[in-house]
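All values below were derived from every heavy atom in this structure, side-chain atoms included, with hydrogens, water molecules and symmetry-related copies excluded.
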Amino acid sequence: MQVLNTISETKSFLKSQRKLGKSIGFVPTMGALHEGHTSLISRAREENDVVVCSIFVNPTQFGNPEDLKMYPRTLEADSQLLEPAGCDIVFAPNADEMYPSLPNLTLDFGNLEHVMEGKFRTGHFNGVGIVVSKLFHIVNPDKAYFGLKDLQQVAVLNRMVKDLSFDLELIPCPIVREKDGLAMSSRNRRLSPDARGIAPVISKTLTRAKSLLLNGKDSKSVIAEITSHFSQMPEFQLEYFEISDFEHLEPIEKQNESGKTAICIAAYLDNVRLIDNIVF
């Protein structure tokens, strides 16, 4: 496995691989890797000749400077996870390499960037869209793999790939969970032991909401019940709980057709912001 730090050497190496007729699979990350990330690498390994993983903590998608400062940088540990998972190339640039000057371009994803995550993280998806588009141009992959834990990000990037005619296939991959149901996240390591013990309430709440919808309750009633449930748990600060169409993330009144209903949640626990979702 090679670790490359510059755009030029990364593009040069991958160009040589394409000349040999090799397919390229790509997994963009911000590091602090866990089994959720390595599951994406493993999937890419199964479907491509060359697997590339980028590790870059993208400053343009952080609205809170403190959050950016606190984000873990663990390149050495990440590399030890990536090689056995089947990664061939790690592209690990610094901020100056990716942004010689800050971009003036602004991307507009319509309603997708004004609901849920976008509502509470102004400018976040513009930053995501810009950095991922830059990475797509650098790596030029045949397939790119993203975890569905960031469901709204997948929806936004799907829109970008279609609207800008990127010549690649975007592959959404299932959420990987801990044994107790907590969605794997780089942020989980910031939880205190007590907070980590109650964190699975989030995934259990999603399962409860799904059951209520399947039993005929309308979305408004389910949201009210879940919101009331969280109001009785002062350890959590619920930011949003939404029941939406899977593709467009528009609110829906009742369970949508099979595979098209998304229940999404964001909550603070121990001053750590956690997100999760369930799609059915």
Side-chain angles (χ1 to χ4, degrees), residues 27-43 53-59 61-85 87 90 92 116-117 120-121 124-125 127-128 145-154 172-210 226 229-230 233-242 262-279:
V27 179
T29 81
M30 293 206 300
L33 304 184
H34 49 69
E35 288 179 29
H37 296 105
T38 56
S39 72
L40 303 180
I41 298 293
S42 297
R43 173 80 179 270
C53 176
S54 63
I55 296 178
F56 177 62
V57 182
N58 176 39
Q61 70 188 67
F62 285 85
N64 183 348
E66 190 63 25
D67 205 16
L68 172 61
K69 182 181 176 182
M70 292 286 292
Y71 200 90
R73 275 82 165 172
T74 55
L75 180 58
E76 185 175 343
D78 292 342
S79 298
Q80 291 174 1
L81 281 176
L82 287 171
E83 188 161 16
C87 183
V90 179
M116 295 190 294
E117 292 296 292
F120 292 95
R121 304 177 71 185
H124 172 70
F125 288 117
V128 169
Y145 299 81
F146 293 86
L148 280 169
K149 187 179 79 69
D150 295 301
L151 179 67
Q152 193 167 359
Q153 175 176 274
V154 171
C173 299
I175 296 173
V176 178
R177 299 184 179 277
E178 304 284 359
K179 290 181 180 179
D180 58 8
L182 180 65
M184 288 190 177
S185 170
S186 306
R187 295 172 183 262
N188 293 348
R189 67 185 69 188
R190 292 166 51 190
L191 296 170
S192 68
D194 287 345
R196 176 63 187 83
I198 63 172
V201 164
I202 292 175
S203 59
K204 291 176 182 176
T205 297
L206 292 172
T207 302
R208 171 65 178 161
K210 174 183 176 181
I226 298 302
H229 178 61
F230 273 100
M233 294 184 292
E235 301 92 343
F236 291 91
Q237 292 80 50
L238 184 65
E239 191 167 73
Y240 66 75
F241 183 85
E242 301 287 350
I263 308 175
C264 304
I265 187 171
Y268 282 89
L269 173 63
D270 198 27
N271 292 317
V272 178
R273 188 175 185 273
L274 303 175
I275 64 171
D276 200 353
N277 68 80
I278 189 169
V279 177

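Residues E117 and R273 are paired through a salt bridge, judged by an N-O separation under 4.0 Å between the basic side chain and the carboxylate.
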**Request:** Any chance you could lay out the side-chain contact (heavy atoms from CB on, under 4.5 Å) test for L182 and D276, step after step, and finish with the verdict?
**Result:** CA-CA 9 Å; L182 180 65; D276 200 353; 5.9 Å; no

**Request:** Could you walk me through whether L82 and I55 pass the side-chain contact (heavy atoms from CB on, under 4.5 Å) test, one step at a time?
**Result:** CA-CA 11 Å; L82 287 171; I55 296 178; 4.0 Å; yes

**Intermediate values then yes/no, side-chain contact (heavy atoms from CB on, under 4.5 Å), L238 and I265** = CA-CA 8 Å; L238 184 65; I265 187 171; 3.7 Å; yes

**Request:** Report the C-alpha distance between L206 and F241 in whole Å, list the side-chain angles of each, state the deciding distance to 0.1 Å, and finish with yes or no for side-chain contact (heavy atoms from CB on, under 4.5 Å).
**Result:** CA-CA 9 Å; L206 292 172; F241 183 85; 4.2 Å; yes

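For the residue pair L269 and F236, the shortest heavy atom distance occurs at CD2-CE2, 3.9 Å. Contact between N277 and C264 at its shortest, heavy atoms only, is CB-SG, 3.9 Å. Closest non-hydrogen pair, Q237 versus E235, comes out as NE2-O, 3.6 Å. Among all heavy-atom pairs drawn from P65 and G63, the shortest one is CD-O, 3.5 Å. Residue R187 comes nearest to L274 through the heavy atom pair CB-CD2, 4.4 Å, listed as atom of the first residue, atom of the second, then distance. Of all the heavy atoms in A32 and Y71, the pair that sits closest is CB-CE2, 4.4 Å.
For the side-chain contact (heavy atoms from CB on, under 4.5 Å) criterion with K149, the lone passing option out of V176, V154, I175 is I175.
The shortest distance between side-chain heavy atoms of K210 and I263 falls below 4.5 Å. Proximity of H229 to R208: side-chain heavy atoms (C-beta onward) are nowhere separated by under 4.5 Å. In this structure, the side chains of T38 and L33 stay at 4.5 Å or more apart for every pair of heavy atoms. Side-chain atoms of F56 and P28, non-hydrogen and from C-beta on, never get closer than 4.5 Å to each other. Contact of the S186 side chain with the M30 side chain is not registered, since no non-hydrogen atoms from C-beta on lie closer than 4.5 Å.
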Sequence neighbours left out, cut at 3.5 Å: what donor-acceptor pairs do the side chains of residues 190-197 make with other protein atoms?
{"unit_1": "S192", "atom_1": "OG", "unit_2": "A195", "atom_2": "N", "d": "3.2"}
{"unit_1": "S192", "atom_1": "OG", "unit_2": "D270", "atom_2": "OD2", "d": "3.3"}
{"unit_1": "R196", "atom_1": "NH1", "unit_2": "D180", "atom_2": "OD2", "d": "2.9"}
{"unit_1": "R196", "atom_1": "NH2", "unit_2": "D180", "atom_2": "OD1", "d": "3.3"}
{"unit_1": "R196", "atom_1": "NH2", "unit_2": "D180", "atom_2": "OD2", "d": "3.2"}

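A donor-acceptor contact shorter than 3.5 Å links the side chain of N58 to the backbone of G127.
Atoms CD and CD1, on Q152 and I275 in that order, are 8.5 Å from each other to the nearest 0.5 Å. From H37, atom NE2 reaches atom OG of S185 across 8.0 Å, with rounding to the nearest 0.5 Å.
Here salt bridge (Lys or Arg N to Asp or Glu O under 4.0 Å) pairs that include residues 30-43, with residues two or more places apart or in two chains, are R43-E47.
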